[in-house]
Protein chains: 2
Amino acid sequence: MTEEGTHRRPGRWRSGAESKQRILDTARDLFGRHGYGGTTVRAVATAAGVDPAMVFYFFGTKQGLFAAAIEMSASTPPAIESIFTDGLDGIGERVIRTLLDNLDNSERTPLVMLTRSAPTDNQSETLLREFIDREITDRLAALLDTPDAALRAGMVNVQILGLAVARYIVRIEPIASASVEELVTRFGPLVQQCLTGQVGDHAR
Amino acid sequence: MTEEGTHRRPGRWRSGAESKQRILDTARDLFGRHGYGGTTVRAVATAAGVDPAMVFYFFGTKQGLFAAAIEMSASTPPAIESIFTDGLDGIGERVIRTLLDNLDNSERTPLVMLTRSAPTDNQSETLLREFIDREITDRLAALLDTPDAALRAGMVNVQILGLAVARYIVRIEPIASASVEELVTRFGPLVQQCLTGQVGDHAR
DNA sequence: GTCTATAATTAGATAGAC
DNA sequence: GTCTATCTAATTATAGAC
């Protein structure tokens with residue numbers, strides 16, 4: 001018998017990396033479906049098939065777990081990047097299509113997790129605000145050259161948040177079960193107008 | 001001395017009606033600011049200056065308190081009624097102005113309380129869905145005569161939810177601190193277009 | 001009606017054996 | 001790394017005295 005106890009040969013990853021990953025996956029799932037306040041560490045542990053103590057072993061606190069869960073795999077998904085790099089032309093459709101494509105596949109996305117958590121958790125509220133500012137507002141505003149750039153970007157945020165809440169959280173019909181194409185057709189031009197359209201008059 | 005104990009003369013409302021009202025007011029305030037899950041019965045009791053047991057005495061359960069809190073004073077506020085009774089002309093502005101006027105004054109409105117609670121509480125999610133269907137979708141759809149009436153009404157719901165979340169819950173700038181007039185100017189036409197505007201093409 | 005217990009449950013977190 | 005056992009604190013809710 002060779003003394004394998006010390007050698008740490010990777011015949012199969014001894015240890016935690018696997019459990020840690022399973023916990024993380026499960027956490028994303030539950031945080032995405034029930035928000036921070038609606039998810040318990042115990043529930044995550046049970047669903048992941050490990051002991052609650054392991055969760056704390058790996059992530060320290062519930063907040064630590066949440067922070068790890070919302071951390072994006074590769075800082076920014078390539079799809080999101082291409083929304084902004086292709087200029088203003090047709091950006092409305094790209095915003096909506098990218099949003100829906102991402103969220104339809106899994107609700108374990110930072111946007112949904114944070115949107116579900118913010119209303120009852122102050123820390124999540126701050127995180128969501130920062131997330132939106134960094135990932136959306138700043139990039140949109142950078143494309144615009146008008147004095148009301150921030151406000152226009154803000155209007156797009158309203159579309160994004162409204163769509164996320166209506167389709168994935170409150171599940172209001174017929175928004176919840178409309179096809180991606182239908183929503184792109186409807187909301188794409190709306191977003192485009194927020195960014196490049198005219199404003200009526202400025203009311204005194 | 002006349003035996004006042006039994007007579008119940010209204011020199012000043014003996015008892016509970018006053019406490020009950022204070023509890024209800026406080027509950028609306030806290031539910032509106034922290035949602036169902038983020039609000040404890042004890043917090044409500046303390047803020048209202050009464051004992052936690054009183055809350056249960058009057059409302060039975062926490063859910064009972066919440067139900068009482070979201071119940072509107074006079075079934076439907078007159079302002080909301082007039083949005084729909086004045087026809088489609090200029091309805092976009094009326095929707096936005098009424099929404100903001102109501103929510104700016106106090107967040108103790110059913111819409112905010114429910115929107116804050118729905119993400120982490122399934123029962124609130126259902127209540128919010130029903131509330132929106134009854135108070136907004138149905139009334140809007142009734143005004144429209146097109147085959148896509150429901151979808152158009154849904155688009156307005158997205159505007160309302162997005163605005164509520166961006167301005168009052170996540171507090172995204174510059175939406176959060178924009179003036180009512182500014183937002184009416186910006187979102188009024190957008191809502192109008194959702195309802196009465198043209199749709200590009202129907203994309204196969 | 002109002003308050004003082006207090007029961008029953010649950011959640012986040014830690015210590016320590018294996 | 002993993003689990004058992006446990007601590008602490010907070011919450012909903014009830015029983016009963018005043």
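Below, read A as the first sequence line, B as the second, and so on, with proteins coming before strands; counting in each chain starts at 1.
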- At under 4.0 Å between heavy atoms, what does A/Tyr57 touch on the DNA or RNA strands: base, sugar-phosphate, or nothing? base
- With the side chain defined as heavy atoms from C-beta on, A/Asp51 is closest, among C/dC3, D/dT12, D/dC3, to D/dC3
- Item | Distance-only side-chain donor-acceptor flag, A/Asp104 / A/Tyr168, under 3.5 Å | yes
- Note on the structure: Closest of D/dT12, C/dA13, D/dA15 to the A/Thr61 side chain is C/dA13
- Query: Between A/Gln63 (CD) and C/dA11 (P), how many Å, whole number?
  - Reply: 17 Å
- Message: Using a 6.0 Å distance limit plus a 45 degree cone around the ring axis, check whether A/Lys62 lies over the aromatic ring of A/Phe56.
- Response: no
- Task: For A/Phe59 and C/dG12, give me the distance from atom CZ to atom P, rounded to whole Å.
- Result: 15 Å
- Item | Selection from D/dC3, C/dA11, D/dT12 that lies nearest to any side-chain heavy atom of A/Ala53 | D/dC3
- Is the distance from OP1 or OP2 of D/dA10 to the nearest side-chain N or O of B/Thr40 less than 4.0 Å? no
- Taking NZ from A/Lys62 and C1' from D/dA10, how many angstroms apart are they, rounded to a whole number? 13 Å
- Task: Quickly, which of B/Ile96, B/Val156, B/Leu143 forms a side chain to side chain contact (heavy atoms under 4.5 Å, CB included) with B/Ile91? Name it, please.
- Result: B/Leu143
- Ignoring the backbone of A/Phe58, work out which of C/dA13, D/dT12, D/dT2 is nearest its side chain. D/dT2
- Item | Closest nucleotide among D/dC3, C/dG12, C/dG1 to the B/Met54 side chain | C/dG1
- Distance in angstrom units between A/Arg42 CZ and C/dT9 C1', rounded: 11 Å
- Using whole Å, report how far CZ of A/Phe56 lies from C1' of D/dG1. 17 Å
- Note on the structure: What one should report as the nearest heavy-atom pair of A/Ala150 and B/Pro174 is O-CD, 3.4 Å
- Message: Using heavy-atom distances to pick each residue's nearest nucleotide on DNA chain C, tell me which of B/Gly49 and A/Tyr36 is more 5'.
- Response: B/Gly49
